[in-house]
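Just so we're on the same page: letters track the sequence lines, and every chain starts at 1.
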Amino acid sequence: MIQAAVQIGLGMLGLSLALCFIRLVKGPTTADRVVAADTLATNILGVIALFAIQSGEELFIIAVLALAILSFVGTVVYAKFLERENIIE
Amino acid sequence: MSEYLAAAVLLIGAFFMLVAGLGLIRLPDVYSRMHAATKATTFGMGGILSAVILFFQAAHVATHAILAIFFLFLTAPVAAHLISRAAYRKGPGLAPVTRLDEYGPYLARERSTSQTKNDINSHN
């Protein structure tokens, strides 16, 4: 039951990842690409969580937590770069 | 029983992640795309991590998952606000269908006051 739900969920997340990649390539401005990369990172977090359910391995949840923190830092640095075009002051 | 509940919550979460991807493709400008991406992915990750909690039913997994949910709910609005502010300051790029632009007049006023301040400083 749950394995079938995980399969369907992985399919949905894969489709969402493909749509994010299209926006990442097309994106007219840099801000569009940053938003697409942020959404991509969150989708990958979802894939890792679903893989934790599928394999029954609990340790992947810690990876979700760590990757969430890293993607937030990356997005903040990119926002700063967009605004000032200078990260290290 | 809790397995069915976990499957249902998981499918709801994955559906919201798919909605985020669709919004990223379909919406007209960067601000509305961000609106779709941020809110829908936050809710979707909440659903998926709730499914993780219901599936494992162990205290340490629940602790990590709740920490991850809390962190996502805390950081997603902050990141979206920072990107939208930077994008607007680089050049609005609003869609033609935009009806209300509240930050534009505010930013113009702020820029004119900082300009006069710079003038005063340069005279001194």
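- Of the inter-residue distances, the one linking B:I83 atom CD1 with A:R33 atom CZ reads 14.0 Å to the nearest 0.5 angstrom.
- One finds the CD1 atom of A:I62 at 4.5 Å from the NE2 atom of B:H64 (value rounded to the nearest 0.5 Å).
- There is no contact between B:Y88 and chain A, counting heavy-atom distances below 4.5 Å.
- Expressed to the nearest 0.5 Å, how far CD1 of B:I25 lies from CD1 of A:I22 amounts to 4.5 Å.
- Using a 4.5 Å cut-off between heavy atoms, B:L49 contacts chain A through its side chain alone, with no backbone atom that close.
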query = Can B:K90 and A:E83 be said to form a salt bridge (charged side-chain N to carboxylate O under 4.0 Å, His left out), step by step?
reply = CA-CA 7 Å; B:K90 286 296 285 183; A:E83 197 168 338; over 6 Å; no
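- Considering all non-hydrogen atoms of both residues, B:I48 and A:A49 come closest at CG2-CB, 3.6 Å.
- For chain B, the nearby part of A:L13 is the side chain; its heavy atoms alone come within less than 4.5 Å.
- The two residues B:A37 and A:V35 make their nearest non-hydrogen contact at CB-CG1, 4.2 Å.
- Atom CD1 of A:I2 and atom OH of B:Y4 lie 10.5 Å apart (nearest 0.5 Å).
- Between chain A and the options B:L82, B:D29, B:V19, B:T42, heavy-atom pairs under 4.5 Å are most frequent for B:L82.
- The contact between A:E57 and chain B is made entirely by backbone atoms, counting heavy-atom distances below 4.5 Å.
- In this structure, the side chain of A:R23 engages the main chain of B:L24 through a donor-acceptor pair within 3.5 Å.
- Within the 4.5 Å cutoff, the side chain of A:L19 has heavy atoms near those of the B:L22 side chain.
- Nearest heavy-atom pair across A:G9 and B:L11 is N-CD2, 4.3 Å.
- Between chain A and the options B:R85, B:M34, B:E3, heavy-atom pairs under 4.5 Å are most frequent for B:E3.
- For B:L10, the part lying under 4.5 angstrom from a heavy atom of chain A is the side chain only.
- Contact tally against chain B (heavy-atom pairs below 4.5 Å) for A:L82, A:L40, A:T39, A:I53: the top residue is A:I53.
- At least one donor-acceptor pair closer than 3.5 Å links the side chain of A:S16 to the backbone N or O of B:M17.
- With a 4.5 Å cut-off on non-hydrogen atoms, A:I69 touches chain B through its backbone and its side chain both.
- To the nearest 0.5 Å, atom CG of residue B:L72 and atom OG of residue A:S71 are 7.5 Å apart.
- The CZ atom of B:F55 sits 10.0 Å away from the CD atom of A:E58 when rounded to the nearest 0.5 Å.
- Considering only heavy-atom pairs separated by less than 4.5 Å from chain B, the leading option among A:T75, A:L45, A:V6, A:V64 is A:L45.
- Within a 6.0 Å sphere centred on CZ of A:F72, heavy atoms belonging to other residues, nucleotides or ligands number more than 12.
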